[in-house]
There are 2 protein chains.
Amino acid sequence: MLACVRATGLKLTPQRMAIVRELAADPTHPTAQELFERLRPALPTMSFATVYNTLDALASAGLCAALSLAPGPSRFDPNMKPHHHAVCDRCGEVRDIPSDAHRAAAVARALPAAPGFEVRSVEQIYRGVCAACAAAGAQERRPGRASARARTS
Amino acid sequence: MLACVRATGLKLTPQRMAIVRELAADPTHPTAQELFERLRPALPTMSFATVYNTLDALASAGLCAALSLAPGPSRFDPNMKPHHHAVCDRCGEVRDIPSDAHRAAAVARALPAAPGFEVRSVEQIYRGVCAACAAAGAQERRPGRASARARTS
DNA sequence: AGCTTTAATTAGAAAGTTTCTCAGTTGCAA
DNA sequence: TTGCAACTGAGAAACTTTCTAATTAAAGCT
């Protein structure tokens with residue numbers, strides 16, 4: 001993945017290398033804040049804005065994806081192969097779900113309900129409760145910004 | 001819908017009636033800010049927090065859905081029937097897409113890739129460019145928080 | 001290696017979004 | 001009608017993201 005960064009014209013700085021390495025190794029879709037805190041010991045002078053800038057640059061270059069699937073901060077996904085996501089309404093955890101290859105072929109088909117809308121990708125969102133939250137019981141809620149309203153559609 | 005508000009134990013205040021009426025009549029998935037500004041002429045003393053509180057209460061009661069499908073503020077959806085969404089990567093517009101009834105039956109099926117995850121709903125997200133943005137040309141971007149990184153997966 | 005160009009980094013401020021506090025008000029069940 | 005619990009309004013606070021300006025550093029070329 002590091003080689004890809006160069007290939008897109010982005011400069012290979014130590015901060016970027018660290019961010020890319022950390023993100024590529026992490027399947028849990030970390031937030032910018034989480035990455036920042038994990039990297040702070042190694043790069044104590046790195047600015048928080050650099051994490052945002054870098055993730056934004058990576059996403060713009062098509063090297064990672066920014067996910068906004070639930071309230072709260074964006075999460076970043078190093079997996080650029082087509083796939084779906086399972087989102088926990090309690091803790092906000094996002095998990096990859098491999099997509100059936102045959103269904104991915106439906107991408108770019110016109111939407112009868114939205115004439116003129118040019119579809120570039122289709123993803124499926126499975127909303128529910130992850131195993132950990134289910135085990136923790138019904139009274140638990142994730143700290144901070146999540147609440148019952150995290151449920152959508 | 002107003003009757004439903006009472007039915008869930010929520011009190012029927014003038015503010016709530018106005019918010020519910022405005023939201024129910026609007027298929028464009030308005031943000032809290034948009035609703036607040038539209039209602040301000042009629043309810044000039046209403047607080048912005050009241051709009052958030054009310055929408056949160058409605059969503060918790062299952063009378064509307066809070067959508068977080070793209071960067072930027074949450075959008076609210078009065079349509080509680082199962083359906084999908086088309087999201088414009090440029091302007092952030094969200095449009096309803098009716099769901100095939102037979103596919104909705106797949107809800108609650110276990111996910112082999114995420115054992116223990118209890119699926120409560122499945123929705124499909126079509127990402128792309130809406131007709132208006134496509135007509136406006138490739139150089140246009142939506143104001144504020146959107147950018148190329150709005151693309152996900 | 002040194003120079004140049006250009007992009008990236010830092011730190012902090014600012015903007016935007018959402019939640020919280022608390023005093024005062026009001027819907028509504030009894 | 002009365003009392004209680006829930007709601008509202010106003011502002012502050014917390015959180016997320018973007019921006020600014022000055023400095024620093026990477027990449028390509030000699």
Side-chain angles (χ1 to χ4, degrees), chain A residues 2-3 5-20 30-37 39-40 42-61 66-76 92 141-150, chain B residues 2-3 5-20 30-37 39-40 42-61 66-76 92 141-150:
Chain A
L2 284 175
V5 175
R6 286 293 310 284
T8 60
L10 296 174
K11 290 183 179 175
L12 206 43
T13 68
Q15 295 85 350
R16 281 183 181 169
M17 287 192 285
I19 291 167
V20 166
T31 64
Q33 180 79 54
E34 285 165 1
L35 288 171
F36 176 63
E37 280 164 13
L39 295 171
R40 188 142 51 170
L43 294 155
T45 74
M46 183 172 62
S47 154
F48 191 44
T50 295
V51 180
Y52 265 98
N53 289 342
T54 296
L55 291 168
D56 187 71
L58 292 174
S60 295
L67 305 179
S68 297
L69 303 178
S74 294
R75 293 173 172 275
F76 294 87
R141 290 294 176 269
R142 89 177 186 202
R145 316 187 25 164
S147 67
R149 83 176 178 61
Chain B
L2 284 175
V5 175
R6 287 293 312 284
T8 60
L10 296 175
K11 290 183 178 175
L12 247 188
T13 67
Q15 294 86 350
R16 280 183 182 169
M17 287 193 285
I19 291 168
V20 167
T31 64
Q33 181 79 54
E34 284 165 1
L35 289 171
F36 175 63
E37 281 165 11
L39 294 171
R40 186 141 52 169
L43 294 156
T45 74
M46 183 172 62
S47 155
F48 191 46
T50 295
V51 179
Y52 264 99
N53 290 341
T54 295
L55 291 169
D56 187 71
L58 292 174
S60 295
L67 305 180
S68 298
L69 303 178
S74 294
R75 293 173 172 275
F76 294 87
R141 290 295 178 268
R142 89 176 186 201
R145 316 184 26 163
S147 68
R149 83 176 178 60

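In what follows, chains are A, B, ... by sequence order, proteins preceding strands, each numbered from 1. Here the structure is a predicted model, which means the values were calculated and not measured.
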Q | Separation of dT17(C) P from Asp56(B) CG (nearest whole Å) | A | 17 Å
(Q) Once rounded to the nearest 0.5 Å, what's the spacing between atom CZ of Phe76(B) and atom CG of Asp56(B)? (A) 7.5 Å
Q) Between dT10(C), dT9(C), dA10(D), which nucleotide gets closest to the side-chain atoms of Ala49(B)? A) dA10(D)
Q: Mind calculating the distance between CD (Glu37(A)) and P (dT16(D)) to the nearest angstrom?
A: 10 Å
Q | Short side-chain N/O contact to dG9(D) OP1/OP2 from Thr50(B), under 4.0 Å | A | yes
Q: Hey, could you give me the CZ/CG distance between Arg16(B) and Leu55(B), rounded to the nearest 0.5 Å?
A: 10.5 Å
Q: Could you pick out which residue, Phe48(B) or Arg16(B), lies toward the 5' side of DNA chain D when each is mapped onto its nearest nucleotide?
A: Arg16(B)
Q.
Over all strands shown, is Gln15(B) touching base, sugar-phosphate only, or nothing at heavy-atom distances under 4.0 angstrom?
A. sugar-phosphate
Q) What string of B, S and - do you get for nucleotides 22-30 of chain D, 5' to 3', if B is base contact, S is sugar-phosphate-only contact and - is no contact with any protein heavy atom under 4.0 Å? A) ----BSS--
Q | Pairwise distance CD1(Ile19(A)) to OG1(Thr50(A)) - rounded to 0.5 angstrom | A | 7.0 Å
Q: Find the distance between CG (Leu35(A)) and CZ (Arg75(A)) and round it off to the nearest 0.5 Å.
A: 10.5 Å
Q. Is the phosphate of dG9(D), meaning OP1 or OP2, less than 4.0 Å from a side-chain N or O of Thr45(B)?
A. yes
Q: Take atom CZ of Arg75(A) and atom C1' of dT16(D), then tell me their distance rounded to the nearest Å.
A: 13 Å
**Q.** Length of the CD-P vector between Gln33(B) and dT19(C), whole Å
**A.** 14 Å
Q. For the side chain of Arg6(B) and the backbone of Leu12(B), is there at least one donor-acceptor N/O pair under 3.5 Å apart?
A. no
**Q.** Sugar-phosphate only, base, or nothing, as touched by Ala57(A) at under 4.0 Å among non-hydrogen atoms
**A.** nothing
Q.
Heavy atoms only, 4.0 Å cut-off, all strands: where does Ala32(A) land among base, sugar-phosphate and nothing?
A. nothing
Q) Counting side-chain heavy atoms from C-beta on, which of dT18(C), dT8(D), dT10(C) comes nearest to Asn53(B)? A) dT8(D)
Q: Please round to the nearest 0.5 Å and tell me the distance separating atom CG of Asn53(B) and atom CD of Gln15(B).
A: 11.0 Å
Q. How long is the gap from OG1 on Thr31(B) to OH on Tyr52(B), to the nearest 0.5 Å?
A. 7.5 Å
Q: Kindly say if Ser74(B) contacts the phosphate of dT18(C), meaning a side-chain N or O under 4.0 Å from OP1 or OP2.
A: yes
Q: Might you point out which heavy atoms bring Ala18(A) and Leu43(A) nearest each other, and give the distance in Å?
A: CB-CD1, 3.4 Å
Q: Quickly work out the Leu35(B) CG to dT17(C) P distance and round it to whole Å.
A: 14 Å
Q. Rounded to the Å, how far apart are Phe36(A) CZ and dT9(C) P?
A. 13 Å
Q.
Classify Thr31(B) by what it touches in the nucleic acid, base, sugar-phosphate, or nothing, heavy-atom distance under 4.0 Å.
A. nothing
Q) Quick one: are Val51(B) and Leu39(B) in side-chain contact, heavy atoms under 4.5 Å? A) no
Q.
If I take atom CG in residue Leu67(A) and atom P in nucleotide dT17(D), what distance separates them, rounded to the nearest angstrom?
A. 12 Å
Q: Output, in order, the C-alpha distance, side-chain angles, deciding distance and verdict of side-chain contact (heavy atoms from CB on, under 4.5 Å) for Ser74(A) and Ser68(A).
A: CA-CA 5 Å; Ser74(A) 294; Ser68(A) 297; 3.5 Å; yes
Q) How sharply is the helix from dA1(C)-dT30(D) to dA30(C)-dT1(D) bent, taking the axes over five pairs at either end and rounding to 10 degrees? A) 40°
Q) Over how many whole Å does the gap from Tyr52(A) atom OH to dT10(C) atom P extend? A) 16 Å
